[in-house]
Amino acid sequence: MISRDALEHRLARYVEIAARNCPSLQRKRVTLHTLRHTAAMRLLRAGVDTSVIALWLGHEQIETTHIYLHADLELKERTLAKTTPANTAPGRYRPPDKLLAFLEAL
């Protein structure tokens, strides 16, 4: 079995190699934890149930999995679209200028 340190070292080496073709990787912090979080979010976006993701990550309690599953804007919009009443037009709320001015003055 390979140790966590050895995996982190190997990942860093491959990120360095990949950064030659993708320079933006040099400015990013890529870790095993980042890959784990990304995998969990990809599974969630694909519609995989949270309990299945928890099992895949090896978590004993589903609450631990929620740390990884920060819903992004796209996911929130898809969820809200499912709750929109059938007789309303889809779209985002556009606050009136008066409300925006009030909020900016706070």
Side-chain angles (χ1 to χ4, degrees):
M1 184 168 181
I2 190 166
S3 71
R4 183 180 177 107
D5 287 342
L7 285 171
E8 288 282 1
H9 179 71
R10 185 170 289 178
L11 176 62
R13 191 173 84 214
Y14 286 117
V15 168
E16 185 179 319
I17 292 168
R20 294 177 195 154
N21 292 324
C22 183
S24 65
L25 281 174
Q26 293 173 345
R27 296 184 303 274
K28 296 184 180 183
R29 187 168 177 250
V30 181
T31 64
L32 291 175
H33 182 79
T34 304
L35 295 178
R36 207 172 143 85
H37 182 273
T38 301
M41 286 303 299
R42 301 275 311 223
L43 289 169
L44 182 68
R45 286 184 185 161
V48 176
D49 187 75
T50 308
S51 60
V52 174
I53 297 170
L55 288 171
W56 187 81
L57 291 172
H59 293 158
E60 290 184 21
Q61 297 181 352
I62 197 167
E63 290 79 19
T64 307
T65 308
H66 290 287
I67 295 167
Y68 292 88
L69 305 179
H70 305 288
D72 60 8
L73 185 57
E74 176 190 336
L75 187 60
K76 289 177 183 179
E77 286 177 344
R78 282 192 305 174
T79 303
L80 285 174
K82 292 178 182 179
T83 63
T84 304
N87 60 348
T88 60
R92 289 187 178 189
Y93 172 70
R94 304 280 184 220
D97 291 338
K98 189 175 179 179
L99 176 59
L100 291 175
F102 169 76
L103 293 172
E104 287 178 7
L106 292 178

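Here the structure is a predicted model, which is why all the values come from computation and not from measurement. Hydrogens, waters and symmetry mates play no part in the numbers below; they use all other heavy atoms, side chains included.
Contact record, Leu35 with Val30: CD2-CG1, 4.4 Å, taken as the closest heavy-atom pair. Considering every non-hydrogen atom in both Leu25 and Val15, the closest pair reads CD1-O, 4.4 Å. The shortest non-hydrogen separation linking Ile53 to Ala40 is CD1-O, 3.8 Å.
Residues passing the side chain to side chain donor-acceptor pair (under 3.5 Å) test with Thr64, sequence neighbours excluded: none. Under the side chain to side chain donor-acceptor pair (under 3.5 Å) criterion, Thr50 pairs with no residue, sequence neighbours left out. Contacts of Leu7 classified as side-chain contact (heavy atoms from CB on, under 4.5 Å), with partners at least two apart in sequence or in another chain: Ile2, Leu32. For Arg36, the side chain to side chain donor-acceptor pair (under 3.5 Å) partners at least two apart in sequence or on another chain are His59, Tyr68. Thr38 pairs by the side chain to side chain donor-acceptor pair (under 3.5 Å) definition with nothing, not counting sequence neighbours.
Hydrophobic clustering of Ile, Leu, Val, Met, Phe, Trp and Tyr side chains at less than 4.5 Å, counting indirect connections, keeps Leu55 apart from Leu57. Taken together through direct or relayed side-chain contacts under 4.5 Å among Ile, Leu, Val, Met, Phe, Trp and Tyr, Ile62 and Val52 form parts of separate hydrophobic clusters.
Counting non-hydrogen atoms of neighbouring residues, nucleotides and ligands closer than 6.0 angstrom, the CD atom of Glu8 exceeds 12 such neighbours. For Arg13, the CZ atom is densely surrounded, since the number of other residues' heavy atoms within 6.0 Å is greater than 12.
Note that CG of Leu11 is 11.5 Å distant from CD of Glu16, once rounded to the nearest 0.5 Å. One distance of note links CH2 of Trp56 with OG1 of Thr65; it measures 11.0 Å at 0.5 Å rounding. Going from atom CZ of Arg42 over to atom NE2 of His37 covers 13.5 Å, rounded to the nearest 0.5 Å.
Counting Ile, Leu, Val, Met, Phe, Trp and Tyr side chains that sit under 4.5 Å apart, directly or through other members, Met1 stands alone, with no cluster partners.
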Do Ser3 and Asp5 pass the side chain to side chain donor-acceptor pair (under 3.5 Å) test, and can you show the C-alpha distance, the side-chain angles, and the key distance before you say yes or no? CA-CA 5 Å; Ser3 71; Asp5 287 342; 5.4 Å; no
